[in-house]
> 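Can you keep this structure in mind? I'll have questions shortly.
Basis for what follows: all heavy atoms, side chains included, without hydrogens, waters or symmetry-related copies.
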Amino acid sequence: MEHYLGEKLKKLRENRGWTQADLAKRLNKAVSTVSGYESDAHAILLDVLASVSSLFSVSTDELLGLDAPELLSLSGLTEEQKKTLVRLRDELLAPSQQGNDLSPQQMEILHDIIKAFG
């Protein structure tokens with residue numbers, strides 16, 4: 001199975017609700033460069049790879065599709081439970097709302113956790 005880094009980068013960006021311009025600004029790159037990364041037209045340099053890893057809080061092994069030991073085993077969980085945990089991680093890493101109250105997205109995730117694991 002072939003693995004393309006551009007697809008992974010695009011998915012991470014879209015999961016945050018960022019445009020290519022948003023990501024370009026965070027990486028200090030041109031939008032056309034980010035577009036090139038996502039289409040695999042431009043190679044992603046190591047310093048950019050490190051920045052992407054840090055920016056999205058994922059390991060370079062995960063970005064590169066290398067097998068890495070799981071920190072938390074998800075075996076035995078349903079697909080719905082796994083998706084809920086991923087949504088929880090993503091929301092905690094990049095909250096959709098700032099402030100003291102829970103956002104509607106956070107409330108929905110909390111509800112899903114109680115439903116899935118309760």
Side-chain angles (χ1 to χ4, degrees):
M1 180 169 100
E2 293 185 21
H3 174 80
Y4 294 98
L5 188 54
E7 292 174 14
K8 182 74 169 180
L9 179 61
K10 182 178 180 180
K11 184 177 178 182
L12 288 168
R13 175 182 62 76
E14 289 176 341
N15 285 345
R16 292 282 173 95
W18 294 348
T19 64
Q20 286 183 339
D22 295 329
L23 180 57
K25 183 175 180 179
R26 287 172 171 84
L27 293 175
N28 196 28
K29 299 290 181 187
V31 175
S32 61
T33 301
V34 169
S35 176
Y37 291 157
E38 290 185 359
S39 66
D40 293 308
H42 299 298
I44 299 177
L45 301 174
L46 291 178
D47 63 323
V48 176
L49 183 67
S51 295
V52 168
S53 174
S54 177
L55 186 62
F56 291 105
S57 299
V58 295
S59 71
T60 53
D61 283 354
E62 185 177 347
L63 287 172
L64 297 173
L66 302 175
D67 289 332
E70 292 180 342
L71 298 177
L72 176 65
S73 175
L74 301 179
S75 64
L77 298 180
T78 66
E79 286 304 310
E80 184 178 340
Q81 290 171 330
K82 291 175 186 178
K83 288 178 185 177
T84 300
L85 290 175
V86 169
R87 288 178 47 225
L88 175 63
R89 179 194 70 179
D90 291 346
E91 181 64 26
L92 292 175
L93 290 173
S96 56
Q97 176 177 325
Q98 300 295 327
N100 296 327
D101 295 332
L102 293 177
S103 70
Q105 292 87 351
Q106 291 167 331
M107 287 298 294
E108 180 183 340
I109 293 168
L110 184 57
H111 176 266
D112 289 349
I113 289 171
I114 292 168
K115 187 171 96 179
F117 294 97

> Mind checking side chain to side chain contact (heavy atoms under 4.5 Å, CB included) for S51 and listing every partner two or more places apart, or none if nothing turns up?
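For S51 the side chain to side chain contact (heavy atoms under 4.5 Å, CB included) partners, ignoring immediate neighbours, are L27.
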> Working to the nearest 0.5 angstrom, can you tell me the gap between D112 CG and Q81 CD?
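These two atoms lie 11.0 Å from each other.
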> Step through the shown structure and confirm whether more than 12 heavy atoms of other residues, nucleotides or ligands are within 6.0 Å of CD on E80.
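At most 12 heavy atoms, drawn from other residues, nucleotides or ligands, come within 6.0 Å of this atom.
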> Which pairs pass salt bridge (Lys or Arg N to Asp or Glu O under 4.0 Å) with one or both residues in residues 31-40, sequence neighbours excluded?
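Output for this query lists R13-E38.
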> Kindly give the heavy-atom pair with the smallest separation between T84 and I109, and that separation in Å.
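So the two residues come closest at CG2-O, 4.2 Å.
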> If the threshold is 4.0 Å, N to carboxylate O, is there a salt bridge linking K82 and E79?
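Yes, charged N to carboxylate O under 4.0 Å.
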> Would you indicate whether the side-chain heavy atoms of L23 and L12 approach each other to under 4.5 Å?
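SC-SC contact between L12 and L23 ruled out.
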> Is there a path of hydrophobic side-chain contacts, each under 4.5 Å between heavy atoms, that joins L55 and V58?
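Linked within one cluster.
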> How many angstroms lie between OH in Y37 and CG in L45, if you round to the nearest 0.5 Å?
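These two atoms lie 5.5 Å from each other.
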> If we only count heavy atoms from C-beta on, is the L5 to V52 side-chain gap below 4.5 Å?
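No, too far: nothing below the 4.5 Å cut-off.
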> More than 12 foreign heavy atoms under 6.0 Å from CG of D47: is that the case here?
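Buried by this count: over 12 neighbours within 6.0 Å.
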> Got Q105 and R87 here, is their nearest side-chain heavy-atom distance under 4.5 Å?
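Heavy-atom side-chain distance check fails, nothing below 4.5 Å.
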> Taking the side chain as every heavy atom from C-beta outward, state whether L63 and I44 have any pair of such atoms under 4.5 Å apart.
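They are not in contact (no side-chain heavy atoms under 4.5 Å apart), so the answer is no.
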> Can you check whether F56 reaches L9 side chain to side chain, under 4.5 Å on heavy atoms?
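Contact flag for F56/L9 side chains = yes.
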> Given the rule in the side chain to side chain contact (heavy atoms under 4.5 Å, CB included) test, do T19 and V31 qualify, once you have shown the distances and angles that lead to the verdict?
CA-CA 9 Å; T19 64; V31 175; over 6 Å; no
> Do V48 and T33 have side chains that approach each other closer than 4.5 Å (heavy atoms only, starting at C-beta)?
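When only atoms from C-beta onward are counted, T33 and V48 do not touch, as no gap falls below 4.5 Å.
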